[in-house]
Novice: 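Handing you this structure, nothing more for now.
Letters A, B, ... mirror the listed sequences (proteins, then strands); counts begin at 1.
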There are 2 protein chains.
Amino acid sequence: MVTMEDVARLAGVSKMTVSNVVNNRDGVGDLVRQRVLEAIRQSGYRVNVSARTLRSGRTGVIGLAVPDIELPYFGHLAAHVIEAAGRQGFHVAIEQTGAAAAGEADAIAHSRTLHFDGLILSAVELDRLDEHPAEAGYPLVMLGEQDFGGRFDHVAMPNEEGTKAATTHLADRGCRRIAIVTGRASDDVNMVTRRHYGYLAALAERGIGVDPALVFSLDDASMEAGREAACRLVDSGHEIDGVVAVTDTVALGVLRGLADRGLRVPEDVRLIGFDDIPESGFTVPSLSTVAPDHRWMAERAVELVAQRIRAPLRPTAQYVAPFELVIRESTR
Amino acid sequence: MVTMEDVARLAGVSKMTVSNVVNNRDGVGDLVRQRVLEAIRQSGYRVNVSARTLRSGRTGVIGLAVPDIELPYFGHLAAHVIEAAGRQGFHVAIEQTGAAAAGEADAIAHSRTLHFDGLILSAVELDRLDEHPAEAGYPLVMLGEQDFGGRFDHVAMPNEEGTKAATTHLADRGCRRIAIVTGRASDDVNMVTRRHYGYLAALAERGIGVDPALVFSLDDASMEAGREAACRLVDSGHEIDGVVAVTDTVALGVLRGLADRGLRVPEDVRLIGFDDIPESGFTVPSLSTVAPDHRWMAERAVELVAQRIRAPLRPTAQYVAPFELVIRESTR
DNA sequence: TTGTATGCGTTATCAC
DNA sequence: GTGATAACGCATACAA
């Protein structure tokens with residue numbers, strides 16, 4: 001391995017001068033700088049990140065912990081985070097938490113072990129971070145789902161507002177028997193509950209009564225679960241003319257389930273999702289959805305970790321992502 | 001930051017003993033070991049990976065370079081690689097190359113700069129790695145697409161065999177006017193060309209003539225490109241009763257494009273893809289496809305880098321992934 | 001079984 | 001402007 005020592009010898013300077021050139025510090029003469037750069041080129045020298053890290057205490061890597069990179073939504077998000085982090089000079093290491101509280105706590109511990117400078121955590125289950133006091137003071141940004149009451153930097157989805165807008169849209173299209181396919185309501189701060197509130201608020205505003213038979217809870221937000229839910233909803237015999245799906249991924253499954261049962265979208269049932277994953281524009285029929293600005297979210301999240309790395313004691317900040325309703329064929 | 005020194009002081013031993021406990025080496029008394037473990041727990045000590053790396057010369061991280069983590073296929077693949085690497089004690093850092101040769105060469109250089117122990121490169125464009133001799137001897141495994149004639153460890157897709165099987169399947173269902181929606185044929189070793197060969201071989205075997213009007217080349221393998229291709233193919237007025245899509249992602253677009261033009265699948269046109277991404281089972285109609293064993297591929301790739309890290313001079317190995325034909329509604 | 005000395009490649013500090 | 005020296009936290013080699 002080529003070290004600064006080697007470069008220094010080659011250029012006839014001390015290794016400190018090489019360090020100064022490598023890090024673009026001033027106080028190095030133009031002539032010497034040229035000699036050093038040439039020596040670097042010739043020798044194929046690369047800085048040893050471990051040594052630099054050991055010395056400076058920073059790795060230049062931020063972690064991104066998501067439930068499952070395979071779910072289109074998180075792949076989508078990861079792409080934006082990687083891009084935004086790159087612009088700020090950070091690399092991104094991805095962890096998968098498996099949508100379990102244990103995995104999420106692990107990811108935090110793990111992130112510290114690997115000495116990531118910070119962590120962006122897309123938490124869906126971890127609702128009591130208080131129980132992990134050892135992690136206090138670590139640059140941690142919550143992204144997307146949960147709400148921790150101002151205790152963390154947080155970039156939130158427009159859960160309630162978005163779902164309310166989606167439900168209202170169905171009502172305005174004439175739907176009166178609107179079902180919601182949602183997740184388990186484990187407590188009152190998580191994404192699922194927020195979206196459910198939005199649904200209820202919209203119904204109330206439009207004077208539509210709530211029928212508990214039209215609320216369908218899923219164990220996980222997968223396509224398969226959505227498909228099954230749709231089938232059972234139809235099989236139950238209750239009349240339905242609209243479905244609000246908790247995510248686009250679930251909506252893809254619902255779309256398929258309705259087809260399994262011979263119902264046409266939007267003629268028999270209108271359907272709307274949440275997330276605007278790329279696939280949604282290409283289904284048959286194409287899927288109406290709530291489209292939060294993912295790029296904006298990723299940028300805010302990276303910005304927040306970067307800020308917290310620089311200023312660990314800064315007060316926490318909370319953002320809610322902007323969104324728009326994208327109307328496609330499934331609610332025409 | 002808590003160091004071994006601190007733990008040693010707390011446990012009343014030397015830091016060397018702490019090191020031995022942490023690394024599970026024997027030669028430490030049971031009593032002392034307990035004391036040390038307790039001290040570690042109390043102090044919240046975590047090993048400093050940078051220091052260890054600096055000393056050992058290894059980072060425990062392997063890079064995974066893919067064109068775009070946002071494409072379902074690569075997200076899918078990444079999930080498997082992360083899992084397989086975890087089992088071998090490696091972490092994975094993901095790089096996006098943007099499907100450009102420059103990005104792919106960069107990924108290699110970058111990987112070395114960050115001192116990853118090795119790199120799994122899912123190359124789609126880089127066809128002349130010879131031009132990068134500086135990278136010789138670096139543990140590099142090619143995954144998926146290209147073929148480098150035995151110069152690298154390589155886990156290949158069953159490009160030719162799979163596409164041939166897909167095309168044959170369409171023929172056996174009675175199709176005689178089979179189109180292929182493929183990528184640019186830039187040279188004779190890449191994925192696109194291999195798949196095209198498979199298509200031609202199947203037609204020849206079934207005695208079906210090749211009509212150049214039925215070969216449609218895409219600039220990129222996106223859903224949007226697939227949709228446009230389907231529309232133009234239909235608008236061209238040539239009769240078509242089957243379509244082989246170069247990837248499932250493209251097939252999703254083709255499915256949508258056919259719907260745009262009012263053609264029914266499979267009644268008017270049968271359609272088959274390649275990859276078996278999760279979405280394929282949930283489209284309407286569901287998509288028949290060539291399903292390579294992604295888990296198997298990820299495991300082989302990780303195994304190969306791990307081996308090469310241990311034995312840099314071992315002769316290269318080539319694998320072709322097994323596959324099966326998954327028949328769904330789009331070719332019924 | 002445990003402790004001591006030394007060095008990995010880099011950067012901060014301070015002297016020249 | 002440039003260079004010498006001392007850390008950063010850990011693990012190897014060897015001494016006790």
Side-chain angles (χ1 to χ4, degrees), chain A residues 1-40 42-61 89 91 111-117 309-310, chain B residues 1-40 43-61 89 91 111-117 309:
Chain A
M1 172 183 278
V2 186
T3 74
M4 277 193 176
E5 191 85 53
D6 302 322
V7 177
R9 217 186 347 264
L10 197 60
V13 298
S14 85
K15 62 178 178 176
M16 203 49 235
T17 302
V18 177
S19 175
N20 286 332
V21 171
V22 167
N23 293 291
N24 258 318
R25 282 188 277 258
D26 40 36
V28 181
D30 265 358
L31 207 89
V32 177
R33 164 166 270 122
Q34 288 312 317
R35 271 222 313 280
V36 171
L37 287 174
E38 176 59 18
I40 288 176
Q42 272 187 28
S43 60
Y45 166 79
R46 300 169 195 269
V47 292
N48 183 322
V49 177
S50 300
R52 166 181 287 173
T53 297
L54 179 58
R55 204 35 240 205
S56 69
R58 295 216 176 141
T59 56
V61 176
H91 287 103
S111 166
R112 303 202 68 173
T113 303
L114 289 176
H115 293 253
F116 296 158
D117 290 344
I309 288 166
R310 283 194 296 271
Chain B
M1 172 182 279
V2 186
T3 76
M4 277 194 174
E5 191 85 51
D6 301 320
V7 176
R9 221 189 340 269
L10 195 61
V13 299
S14 86
K15 65 175 180 177
M16 207 43 239
T17 302
V18 177
S19 174
N20 286 329
V21 171
V22 167
N23 294 292
N24 258 317
R25 283 187 278 259
D26 39 37
V28 182
D30 265 358
L31 206 89
V32 176
R33 164 167 271 122
Q34 288 312 317
R35 272 221 314 281
V36 171
L37 288 174
E38 176 59 18
I40 288 177
S43 60
Y45 166 78
R46 301 169 195 272
V47 293
N48 182 323
V49 177
S50 301
R52 168 183 285 171
T53 296
L54 181 56
R55 196 64 191 119
S56 70
R58 296 216 175 140
T59 57
V61 176
H91 288 102
S111 167
R112 302 202 69 171
T113 303
L114 289 175
H115 292 254
F116 295 158
D117 291 344
I309 288 166

Novice: Using every non-hydrogen atom in the two residues, find where B:Glu5 and B:Lys15 come nearest and quote the distance to one decimal.
Specialist: OE1-CD, 3.8 Å
Novice: Considering just the side-chain nitrogens and oxygens of B:Thr17, establish if one lies under 4.0 Å of OP1 or OP2 belonging to C:dG3.
Specialist: yes
Novice: Please round to the nearest 0.5 Å and tell me the distance separating atom CG of A:Leu54 and atom CG of B:Leu54.
Specialist: 6.0 Å
Novice: Not counting sequence neighbours, list each pair that qualifies as a salt bridge (charged side-chain N to carboxylate O under 4.0 Å, His left out) and has a residue in residues 16-33 of chain B.
Specialist: none
Novice: Carefully, step by step, assess A:Gln42 and A:Glu38 under the rule side chain to side chain donor-acceptor pair (under 3.5 Å).
Specialist: CA-CA 6 Å; A:Gln42 272 187 28; A:Glu38 176 59 18; 3.2 Å; yes
Novice: Do you know the tightest heavy-atom contact between A:Ser43 and A:Val2?
Specialist: O-CG2, 3.4 Å
Novice: Measure CG/B:Leu54 against C1'/D:dA7 and give the value in whole Å, please.
Specialist: 13 Å
Novice: Can you see if the side chain of A:Ser14 gets near the phosphate of D:dA4 - specifically, an N or O under 4.0 Å from OP1 or OP2?
Specialist: no
Novice: Could you tell me whether the side chain of B:Thr17 reaches within less than 4.5 Å of the side chain of B:Arg35, counting heavy atoms only?
Specialist: no
Novice: Would you say the side chain of B:Asn48 lies within less than 4.5 Å of the side chain of B:Thr3, judging by non-hydrogen atoms?
Specialist: no
Novice: Any protein N or O atoms within reach of nucleotides 10-13 of chain C? Criterion: under 3.5 Å, listing atom names and distances.
Specialist:
| from | atom 1 | to | atom 2 | distance (Å) |
| --- | --- | --- | --- | --- |
| C:dT10 | OP1 | A:Tyr45 | OH | 2.5 |
| C:dT10 | OP1 | A:Asn48 | N | 3.0 |
| C:dT10 | OP2 | A:Met4 | N | 2.7 |
| C:dT10 | O4 | A:Lys15 | NZ | 3.0 |
| C:dT11 | OP1 | A:Asn23 | ND2 | 3.3 |
| C:dT11 | OP1 | A:Arg52 | NE | 2.8 |
| C:dT11 | OP1 | A:Arg52 | NH2 | 3.3 |
| C:dT11 | OP2 | A:Ser19 | OG | 2.8 |
| C:dT11 | OP2 | A:Asn23 | ND2 | 3.3 |
| C:dA12 | OP2 | A:Arg25 | NH1 | 3.4 |
| C:dA12 | O4' | A:Arg55 | NH2 | 3.4 |

Novice: Name every residue in residues 28-36 of chain B that has at least one heavy atom under 4.0 Å from any atom of DNA chain C, in order of residue number, or write none if there are no such residues.
Specialist: B:Val28, B:Gly29, B:Val32
Novice: I want to check something: taking the side chain as every heavy atom from C-beta on, are B:Ile40 and B:Val22 in contact at a cut-off of under 4.5 Å?
Specialist: yes
